[in-house]
Amino acid sequence: MSPEIQAILDGLERLGYIADAPIATAVFLAREMRKPLLLEGDAGGGKTELAKALAALFDTELVRLQCYEGLDVSTALYEWNYPRQMLRARLAEDEGRPAAEIEELIFGRSYLLERPLLRAITRREGPAVLLIDEVDRADEGFEAFLLEVLSDFQVTIPELGTIRAEHVPYVVLTSNQSREIGDALRRRCLYLYLEHPTLEREVRIIRSRVPGAGERLAGEIGRFMQALRGRRLSKTPGVAESIDWAQALLRLHRDHLDAETVAQTLGCILKDRHDLAELDAEEVGALVAAAQGAEAA
Amino acid sequence: MTGGDLVTHLAHFAGVLRARGVTVGVGDEVDGAMALTLVDLADRLEVHRALRTAMKVRRRDWETFDAAFGQFWLGDGDSPRGTVPTGRIAGALPRGGLRIAAAGTEGDGDGGAGEGDTPGWSAEMLLRRKPFDQCTPADLAAMERLVARLAMKLATRRSRRLIPTRGRGAADLRRSLRRAVSTGGEMVALARRARPIEEPRLVVLADTSGSMDAHTRFLLAFVLSLRRVARGAEVFTFNTSLQRVTPLLKPGNVAATLDRLAAGVPDWSGGTRIGESLAEFVTRWAGTYVGARSVVLILSDGLDRGDPSLVAGAMRALKAKARRIIWLNPLAGDARYEPTARAMAAALPYVDRLAPAHDLESLERIIPELV
């Protein structure tokens with residue numbers, strides 16, 4: 001492995017993010033090629049966590065834009081500070097200034113409220129990590145706008161003119177694939193699909209994120225989750241759920257899994273009523289046995 | 001190896017990928033080449049990961065990619081150059097640009113630029129009125145394009161409503177303040193803008209029983225196209241039992257999706273139990289997927305030998321939750337049709353609209369009602 005990629009792998013691990021070679025390679029390429037990194041994968045697979053870890057790794061600020069349906073430019077880019085503008089306009093009026101001058105006054109940088117995208121490109125100290133989270137939730141119109149921002153790293157505000165990026169940010173986009181991301185946007189990015197971790201990696205993640213969890217507990221949780229993901233579920237739990245669960249079990253002072261405890265805490269990993277209903281006591285027993293059987297072997 | 005060699009090899013490799021159905025553009029090749037200059041070329045795994053990331057190979061294409069990579073780069077020896085039977089591959093594949101143009105037209109259908117094979121106006125009109133039960137599988141492809149255009153109408157209808165309004169709507173502070181400048185910060189009148197109409201929440205329940213066979217493929221093709229516009233649409237199929245198929249509906253080729261569906265749905269084109277299926281939907285799924293904004297679209301001929309009271313009960317419960325229930329019935333295309341089949345008759349009081357769905361034109365008419 002290239003030393004630079006190994007360095008990223010080690011660096012992320014020191015920060016508590018247990019990556020693997022594909023992740024480290026993608027991060028390395030995204031950094032060197034200065035391209036946005038599009039992360040796809042199931043929910044709970046650690047996409048958002050990776051962006052946070054990157055900000056820590058590059059020792060910079062994480063600017064996060066959470067996407068949702070109906071997200072518009074004024075929430076993503078900038079908004080004017082209306083109360084301040086209004087006050088200033090009033091004062092200026094009292095001073096008897098002409099309208100044109102008032103307008104000049106109140107449409108200045110200091111009356112501008114920076115939203116994430118503007119914040120990310122105007123950061124002076126160095127490139128930020130810009131996380132555009134769940135981009136699949138925003139509508140296609142917004143995606144087109146995003147495309148424009150990500151290709152030029154400049155935005156135009158009618159009253160102010162064009163603002164160019166001081167430092168081009170590292171961009172991470174995540175998608176849960178609730179819809180297909182447009183080809184144009186996809187082509188502009190590098191692509192990484194985050195799969196559910198292997199058993200070995202999952203156990204390491206649990207142990208790193210929940211330091212109190214012993215080897216036995218983490219191992220059993222890992223094997224239980226691996227087996228559980230093999231089932232047909234409407235919401236397959238990710239690593240995030242494994243971590244939650246480990247924390248919950250720790251609070252309950254458990255150092256291993258047993259059918260009763262699992263049944264009581266199943267809500268930590270299954271967040272869907274139908275999935276919960278379908279996993280009866282017998283199946284829980286079988287999964288626990290599988291998790292422990294391998295331990296004994 | 002020189003940079004030039006590498007680029008040539010990569011172009012060949014991209015050609016192999018394209019030949020196997022993985023869409024790779026010139027930009028992806030460029031990114032791939034750049035990635036290769038950054039990684040350790042002696043480390044095959046690293047080259048593999050780098051190319052996969054830089055050429056943006058989607059998860060679903062990974063297997064194909066891995067196989068192609070294995071054959072192309074790792075055939076024998078250390079150097080990729082040694083592995084490439086240049087003559088054979090170069091002979092089998094036209095140069096990059098040509099191939100891309102070809103992929104664009106025969107590709108997944110939403111390229112849209114394939115003017116040459118777009119049906120002419122009259123052919124399109126014919127297709128529009130061609131009853132589904134007389135359509136051949138070959139019509140499906142042409143129909144798919146047509147339906148996609150129909151569905152786009154839904155999208156443009158919505159976006160036109162985003163314009164700021166004069167009368168009602170929420171205050172538009174940005175414009176209000178602009179106006180207030182001339183009155184010294186005094187807001188004489190508030191500018192307003194209307195909230196955009198929310199995307200339709202569409203829930204489709206499609207009958208895939210034997211009696212619907214001739215129509216199902218086309219109706220589902222319609223549903224698939226609708227999903228490009230109404231992205232949150234949920235789709236269920238039912239015959240003797242109910243199944244949620246939304247997870248099976250990946251964007252892309254409609255025909256392939258339909259095959260995947262047919263394979264994934266047990267008892268496809270078997271008998272029907274409408275009442276049981278609707279009841280199951282109400283108890284199991286309606287709580288999650290049907291709300292006050294939902295439009296429920298039922299695609300069924302209403303032919304069923306079960307207990308009609310079960311249908312009525314389920315429909316009543318559905319009616320209480322949903323904004324609108326539209327029942328698309330292929331049989332209703334016939335002017336002589338009367339909804340007298342027992343299940344249909346039982347459902348009718350709770351249906352906001354019973355509409356025919358025997359050809360494209362009838363589907364086109366239903367689109368505005370889905371908003």
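In what follows, every heavy atom counts, from backbone to side chain, and hydrogens, waters and symmetry copies are set aside. So that the names make sense, note that chain A is the first sequence line, chain B the second, and so on, each numbered from 1.
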Most contacts with chain B, counted as non-hydrogen pairs under 4.5 angstrom, among E159(A), Q85(A), R186(A): R186(A)
Any residue meeting side chain to side chain donor-acceptor pair (under 3.5 Å) with E32(A), in chain and number order, not counting sequence neighbours: none
Check: L192(A) and K56(B) side chains under 4.5 Å, non-hydrogen atoms: no
Check against side-chain contact (heavy atoms from CB on, under 4.5 Å), V39(B) and L29(A): CA-CA 9 Å; V39(B) 297; L29(A) 289 177; 4.2 Å; yes
Aromatic ring pairing H274(A)/W285(B), orientation class (parallel under 30°, perpendicular over 60°, tilted between): tilted
Choice from R244(B), M34(B), M55(B) maximising heavy atom contacts with chain A below 4.5 Å: M34(B)
Cationic N near anionic O, under 4.0 Å, E40(A) to R58(B): no
M1(A) vs D40(B) side-chain heavy atoms within contact, under 4.5 Å: no
Salt bridge (charged side-chain N to carboxylate O under 4.0 Å, His left out) evaluation trace for R284(B) with E278(A): CA-CA 12 Å; R284(B) 195 170 162 189; E278(A) 248 159 55; 3.5 Å; yes
Non-hydrogen side-chain atoms of T23(B) and D183(A) separated by less than 4.5 Å: no
Side chain E46(B), main chain T25(A), donor-acceptor under 3.5 Å: no
R137(A), CZ: over 12 other non-hydrogen atoms inside 6.0 angstrom: no
Atom group of I5(A) that falls short of 4.5 Å from chain B, counting heavy atoms: side chain
Region of A26(A) that comes under 4.5 Å of a non-hydrogen atom in chain B: both
Which residues share a side-chain contact (heavy atoms from CB on, under 4.5 Å) with H48(B), sequence neighbours left out: R52(B), F65(B), D66(B), F69(B)
L91(A) versus chain B, the contacting section by heavy-atom distance below 4.5 Å: neither
Test item: R49(B) and F28(A) side chains (from C-beta on) under 4.5 Å apart, heavy atoms: no
Best-contacting candidate, R273(A), E195(A), R88(A), against chain B by heavy atom pairs under 4.5 angstrom: E195(A)
Heavy-atom contact with chain A under 4.5 Å, split by part of D28(B): side chain
Exceeds 12 heavy-atom contacts within 6.0 angstrom, atom CD of E63(B): no
Residue selection (most heavy-atom pairs with chain B, distance under 4.5 Å) from A21(A), A99(A), A277(A), P3(A): A21(A)
Pairs of heavy atoms under 4.5 Å with chain B: top-ranked of R188(A), R97(A), M33(A): M33(A)
N/O donor-acceptor pair under 3.5 Å between T53(B) side chain and Y191(A) backbone: yes
